[in-house]
Amino acid sequence: MVKFAKNKTLSKKIINQAVILCGGLGSRLGNITKKTPKPLIKIGGKPFLNYIIERLVRLRIKKILLLCCYKNEEFFRKYHKKIINKNTYITCIKEKKLLGTGGALINAKKKLNDVFYLLNGDTFFDGDLFQLAEEFNQNKYDAILSSKKIFNDRYGIINIKKNKVIEFKDSSSKNISNINVGTYILKKKIINKLSKKKISLEKEIFPKLVKKGKIQAINYNKNLFLDIGIKSDLKKANLILPNLRYPAVFLDRDGVINKDLGYVYKKINFQFTRNIFEAIKFFNRKNYLVFIVTNQSGIGRGYYKEKDLEKLHLWMIKKFQKNFIQIDDIFYSPYFKLNKKYSSLYFKNLRKPNTGMFNLAKKKWPVDKKRLVMIGDKKLDYQFGKKIGAKTIIIDENLDIFKQIKKFLKVK
C-alpha cells in the first residue's frame, strides 16, 4: 500500500521541456566571441552551457531545445540529437537571422510544449526549478520568473507586489533592487497568436503581460546568479563555477523513506513514512544534493534482483517528482558474504557502515564535504554518518519524519 502526504500540488503536471536561448552575438565580450559563441566559452575546461544543461539533466528534464543563431553550426555539432543520461534529448533549432528572444520562441513554436522552462544561455542560476514549478499558479498567470535582489548597476529593475510583477524598468538603479535572472516558466499561448518575426520577450511581450497582471515572480536571494555578458563577470564565473560545491543530505531508505517491512522490493509493500515528502523538499529548497544510501543484501541473498530494485526506485523517484521533490541519486550495496557474485571487497566497502557509497557520491557529484547530513534509523547509519563527518540523526519511522529532522537541525 502506498501512502502519500496530502498535497495540493498533485494535480499539477511535471514540466518536461526546457528551452535555452543561445542566439546572441556576445558583442560586449569583444574578441572572445569572434570565434566562439558566448554560451560555448570554456569555463573550467567545458562550455558554460554545459553547466546549465547539467542542472536540467539533474531534474530529469526529457527535452531540451537550444535556440541558436550566431555560429549555430557549433551548437549543432556539439549537442544536436544528443541523449544525456539515457533520459534527456537535446534538439537544436536554427534562426537564419537574429529574431530577438521572442522571435526565437516564435521560430520554435511547433516544437514547444504547452508549458516549458525558459533559460538564458549566458546566465547561470542555481535556484530550485521544482519550486518554481510548484509555486506557478497557472490558473492566474501565464508566466513566472525568478528574481534576485542585488546591487544593481547594469540590469533593468523589476517591481514586485505580492508575488506579482507590476512593472519593468529599463534603467538600472545603482542600488539594491530586484532583477530578472533569466529563468522562467512560460505558457506557449503567450506567443501562439504572434506572427512578428523579430520581437523581444522582455521589452515587447512581457510589458503587455504585466499590464494584464499575468506574470508571477519568486525571489531567490540566497541562490547563485552569474551572467557572463561582460568580461569582469566572465572572469568571476571562471573562479566560481569549477569550484562550486553543494551541501548534501544522505538518507537511508528502509525505515526512513519507507516503512521497514523487511526486504521491500515491490510497490505493493512500499509505504512512505509520515511527512517524508516535506522533509526532502525542505532540503531541496535549501539547495542540498539529496542521496539515498541503502544496504540491499536481499539481492545477494537471492530474494530479488538488481533490476527489481531499480524498477522500484524509478517508480519511487517519479512519485517524488510529482510532488516537486528531487532525488539526485540512489546508491545501494547488494553485498552478502555467502553469494560469490556479491561478496567481493568492492561490494563490502559499499555496505554501510563502510563509506563506499559516500565515495561514489562525492566522485560523481559536487559535494561540499563540510556540509553533510545523514538521516538513518539504525546503529550502522549512525556509524556511517560519523565516518563521513556528517551531522547524523537516527529517527523513529513511526513518528513525523520532518518534525524530527527540524528539531535535530534546530529550525522552525
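Each residue takes its place number in the sequence, starting with 1.
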Applying salt bridge (Lys or Arg N to Asp or Glu O under 4.0 Å), name anything that partners D368, two or more places apart in sequence or on another chain. R371

Answer yes or no: is there an ion pair linking K188 with D114, defined by an N-O contact shorter than 4.0 Å? no

For the aromatic rings, using the six-membered ring if either is Trp, is the centroid distance between Y335 and F347 under 6.0 Å? no

Do side-chain atoms of N107 reach the backbone of G103 as a donor and acceptor pair under 3.5 angstrom? no

Testing the basics here: between N295 and L350, what is the closest heavy-atom pair and its distance to 0.1 Å? OD1-O, 4.4 Å

Side-chain donor-acceptor contacts of residues 229-239 below 3.5 Å, not counting sequence neighbours, with atom names and distances?
unit_1 : atom_1 : unit_2 : atom_2 : d
D233   : OD2    : R154   : NH1    : 2.3
N238   : ND2    : L234   : O      : 3.3

I160 backbone acceptor or donor facing E167 side chain under 3.5 Å: no

Heavy atoms, side chains only, cut-off 4.5 Å: are K38 and I41 in contact? yes

Where the side chain of S146 meets the backbone of T183, is there a donor-acceptor pair that is under 3.5 Å apart? yes

Y51 side-chain N/O to I43 backbone N/O, donor-acceptor pair under 3.5 Å: yes

Please find out if less than 6.0 Å separates the ring center of F225 from that of F124. no

Y220 meets the ring-ring contact (aromatic ring centres under 6.0 Å, His included) criterion, sequence neighbours left out, with F125

Would a distance-only check, ignoring hydrogens and angles, find a side-chain to backbone donor-acceptor pair under 3.5 Å from K187 to Y141? yes

Check: D128/N284 side-chain N/O donor and acceptor closer than 3.5 Å: no

Looking at K281 and E134, is there a salt bridge between them, counting it only when a charged N and a carboxylate O are closer than 4.0 Å? yes

Is it true that E74 and R77 make a salt bridge, defined as a side-chain N closer than 4.0 Å to a carboxylate O? yes

Pairs flagged by ring pair (Phe, Tyr, Trp, His ring centres under 6.0 Å) wherever residues 249-268 is involved - sequence neighbours left out: F250-F291, F250-F358, Y263-Y303, Y265-Y304

Pair listing, ring pair (Phe, Tyr, Trp, His ring centres under 6.0 Å) test, anchored in residues 178-200, at least two apart: Y184-F206

Scan residues 61-101 for pairs that pass ring pair (Phe, Tyr, Trp, His ring centres under 6.0 Å), counting only residues two or more places apart or in two chains. F76-H80

Pair N152-S177, side-chain donor/acceptor within less than 3.5 Å: yes

R55 side chain to D126 backbone, donor-acceptor under 3.5 Å: yes

So, the side chain of T33 versus the backbone of G26: is there a donor-acceptor pair under 3.5 Å, distance only? yes

Just so I know, are the side chains of N120 and I20 near enough to count as touching, which here means a heavy-atom distance under 4.5 Å? no

Between D329 and W365, a side-chain donor and acceptor under 3.5 Å: yes

Heavy-atom closest contact (I64 atom, T88 atom, distance): CD1-CG2, 3.5 Å

In terms of heavy-atom contacts, V367 and A361 come closest through CG2-O, 3.9 Å

Pair D260 + K378: basic N to acidic O under 4.0 Å: yes

Hey, does V57 have a side-chain heavy atom less than 4.5 Å from the side chain of N87? no

Modelled atom types, side-chain donor and acceptor of N219 and N221, under 3.5 Å: yes

Ignoring hydrogens and geometry, is there a side-chain-to-backbone donor-acceptor pair from Q404 to D400 under 3.5 Å? yes

Are W315 and F270 near enough that their ring centres are under 6.0 Å apart? yes

Salt bridge (charged side-chain N to carboxylate O under 4.0 Å, His left out) evaluation trace for E54 with K46: CA-CA 12 Å; E54 285 165 7; K46 63 184 180 182; 2.8 Å; yes

Distance (rounded to the nearest 0.5 Å) between L65 CG and L118 CG: 10.5 Å

Is any side-chain heavy atom of N287 closer than 4.5 Å to one of N223? yes

Are F277 and F272 near enough that their ring centres are under 6.0 Å apart? yes

Are M316 and I292 side-chain neighbours, meaning at least one heavy-atom pair lies under 4.5 Å? yes

Of the non-hydrogen atoms in V115 and I185, which two are nearest, and what is the gap between them? CG1-CG2, 3.5 Å

Of the non-hydrogen atoms in I218 and E135, which two are nearest, and what is the gap between them? CD1-CB, 3.2 Å

All heavy atoms of A104 vs all of L21, minimum pair found to be CB-CD2, 4.1 Å

Under a plain distance cut-off of 3.5 Å, with no hydrogens placed, do N31 and K34 share a side-chain donor-acceptor pair? yes

Would you check if the side chain of Q296 reaches a backbone N or O of S333 as a donor-acceptor pair within less than 3.5 Å? no

Report yes or no: does Q216 contribute a side-chain atom to a donor-acceptor pair with the main-chain N or O of N163 at less than 3.5 Å? no

Side chain proximity check, N72 to I93, heavy atoms < 4.5 angstrom: no

